[in-house]
Amino acid sequence: MPQARVLTESEVRKVLKVISYRRHAKRDRAIFLLGLYTGMRAKELVSVRLCDVITAEADIKDEIHLSSDQTKGKKGRTVILGKKARDEIRSYLCDRLKIEDLQPLLVNDTTRPLFTTQKNPRRGFSPNTLAGHFCQLMQEANIEGGSSHSMRRSFITNLADKGVSVRVLQELAGHSNLQTTARYIAVNDAVMRRAVDLV
């Protein structure tokens with residue numbers, strides 16, 4: 001089976017444009033960008049709860065601690081949230097709940113999913129439903145070979161292109177094996193040219 005497509009900047013813009021016309025645009029944008037900004041798997045994205053991302057002071061955490069139930073391989077991991085990811089989560093939650101700050105969330109049940117569906121707001125997406133949702137989005141954006149895994153591959157490849165070591169990428173991706181991480185990295189002509197110029 002071929003690997004998921006690594007998205008170019010123009011393809012990311014195309015997906016965001018398609019998302020902007022959808023009924024749940026803020027939610028879909030947040031899921032898509034959180035995947036791109038963190039490299040989380042579909043299973044991990046759907047398992048994130050409000051309490052995983054909100055501090056006791058009603059702010060967005062700078063890292064998410066995923067339990068072994070929330071991730072792959074029966075092994076928990078920590079996902080680092082950069083500023084872009086935190087801003088996207090905050091914007092999504094404020095829009096979804098029609099609030100200006102996150103304080104009201106603390107008085108409700110914070111074990112609810114971060115990303116809810118219209119059909120099942122208490123349980124949110126299943127990994128398969130999210131994967132199908134993003135396959136449909138990629139098709140609408142005319143991106144051949146795109147899937148929910150494209151966000152993860154794009155995250156790893158983009159960081160590799162910027163010179164982040166494979167060992168750091170392994171930790172960020174939550175891979176046990178360095179070779180698994182290496183398989184995620186798509187090599188392109190521009191990166192090879194830059195590499196040769198370093199000699």
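Note that the structure is a prediction, hence the values are computed from the model and not measured. Count residues from 1 along the sequence.
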Compare all side-chain heavy atoms of Arg96 with those of Thr116 and state whether any distance is below 4.5 angstrom. yes
Using the rule that Ile, Leu, Val, Met, Phe, Trp and Tyr join whenever any side-chain heavy atoms are under 4.5 Å apart, tell me whether Val166 and Phe155 fall into a single cluster. yes
Nearest-0.5 Å distance that lies between atom CZ in Arg152 and atom OG1 in Thr157: 11.5 Å
Kindly work out whether a path of hydrophobic side-chain contacts (I/L/V/M/F/W/Y, heavy atoms less than 4.5 Å apart) joins Ile156 to Leu45. no
Check side-chain contact (heavy atoms from CB on, under 4.5 Å) between Gln179 and all other residues, then give those that pass, not counting sequence neighbours. Asn177, Arg183
Atom pair NZ (Lys14) and NZ (Lys17), whose distance is rounded to the nearest 0.5 Å: 10.0 Å
All pairs passing side chain to side chain donor-acceptor pair (under 3.5 Å) where residues 77-90 contributes a residue, at least two apart: Arg29-Glu88, Glu44-Arg77, Asp59-Arg90, His65-Thr78, Lys83-Asp87, Asp87-Arg90
Cut-off 3.5 Å, side chains only: do Thr71 and Lys43 have a donor facing an acceptor? no
Donor-acceptor under 3.5 Å (Lys75 side chain, Lys72 main chain): no
Apply the test side chain to side chain contact (heavy atoms under 4.5 Å, CB included) to residues Val18 and Asp28: give CA-CA distance (whole Å), side-chain angles for both, the deciding distance (0.1 Å), then the verdict. CA-CA 10 Å; Val18 167; Asp28 290 353; over 6 Å; no
Once you round to the nearest 0.5 Å, how far does CZ of Arg41 lie from OG1 of Thr38? 11.0 Å
Side-chain (Ser148) to main-chain (Ala42) donor-acceptor, under 3.5 angstrom: no
Arg23: side-chain contact (heavy atoms from CB on, under 4.5 Å) partners, not counting sequence neighbours: Gln118
Answer yes or no: is there a donor N or O on one side and an acceptor on the other, between the side chain of Thr129 and the main chain of Phe125, under 3.5 Å? no
Is the backbone of Val48 close enough, under 3.5 Å, to the side chain of Asp52 for a donor and an acceptor to pair up by distance? no
If we ignore hydrogens and angles and just use 3.5 Å, is the side chain of Gln70 paired with the main-chain N or O of Gly76 as donor and acceptor? no
Would a single hydrophobic cluster contain both Val53 and Ile80, if residues Ile, Leu, Val, Met, Phe, Trp and Tyr are joined by side-chain heavy-atom contacts under 4.5 Å? no
I'd like to know if Leu34 and Leu16 are part of one continuous hydrophobic network [Ile/Leu/Val/Met/Phe/Trp/Tyr, side-chain heavy atoms within less than 4.5 Å]. yes
Distance col, row Leu169:CG vs Leu178:CG, nearest 0.5 angstrom, shows 9.0 Å
Separation of His149 NE2 from Cys135 SG (nearest 0.5 Å): 12.0 Å
Going by ring-ring contact (aromatic ring centres under 6.0 Å, His included), name the pairs with one or both residues in residues 75-94, residues two or more places apart or in two chains. Tyr92-Phe115
How long is the straight-line distance from CD1 of Ile60 back to CD1 of Ile89, given to the nearest 0.5 Å? 5.5 Å
Test side chain to side chain contact (heavy atoms under 4.5 Å, CB included) applied to Met138 and Val15, step by step: CA-CA 7 Å; Met138 299 292 175; Val15 174; 3.9 Å; yes
A side-chain contact here means heavy atoms from C-beta on lying under 4.5 Å apart; do Glu11 and Ile143 qualify? yes
Any non-hydrogen side-chain atom of Ser47 less than 4.5 Å from a side-chain atom of Leu66? yes
Just grab all the side chain to side chain donor-acceptor pair (under 3.5 Å) pairs involving residues 101-114, residues at least two apart or on different chains. Asp109-Thr111, Asp109-Arg122
For Ser147, does its backbone N or O pair with a side-chain atom of Ser150 as donor and acceptor, under 3.5 Å? yes
Say whether Val168 and Ile64 are linked into one hydrophobic cluster, either directly or through other cluster members, by side-chain heavy-atom distances under 4.5 angstrom. no
Residues 2-55 vs ring-ring contact (aromatic ring centres under 6.0 Å, His included), sequence neighbours excluded, gives none
Do the side chains of Leu137 and Arg22 get nearer than 4.5 Å, heavy atoms only? yes
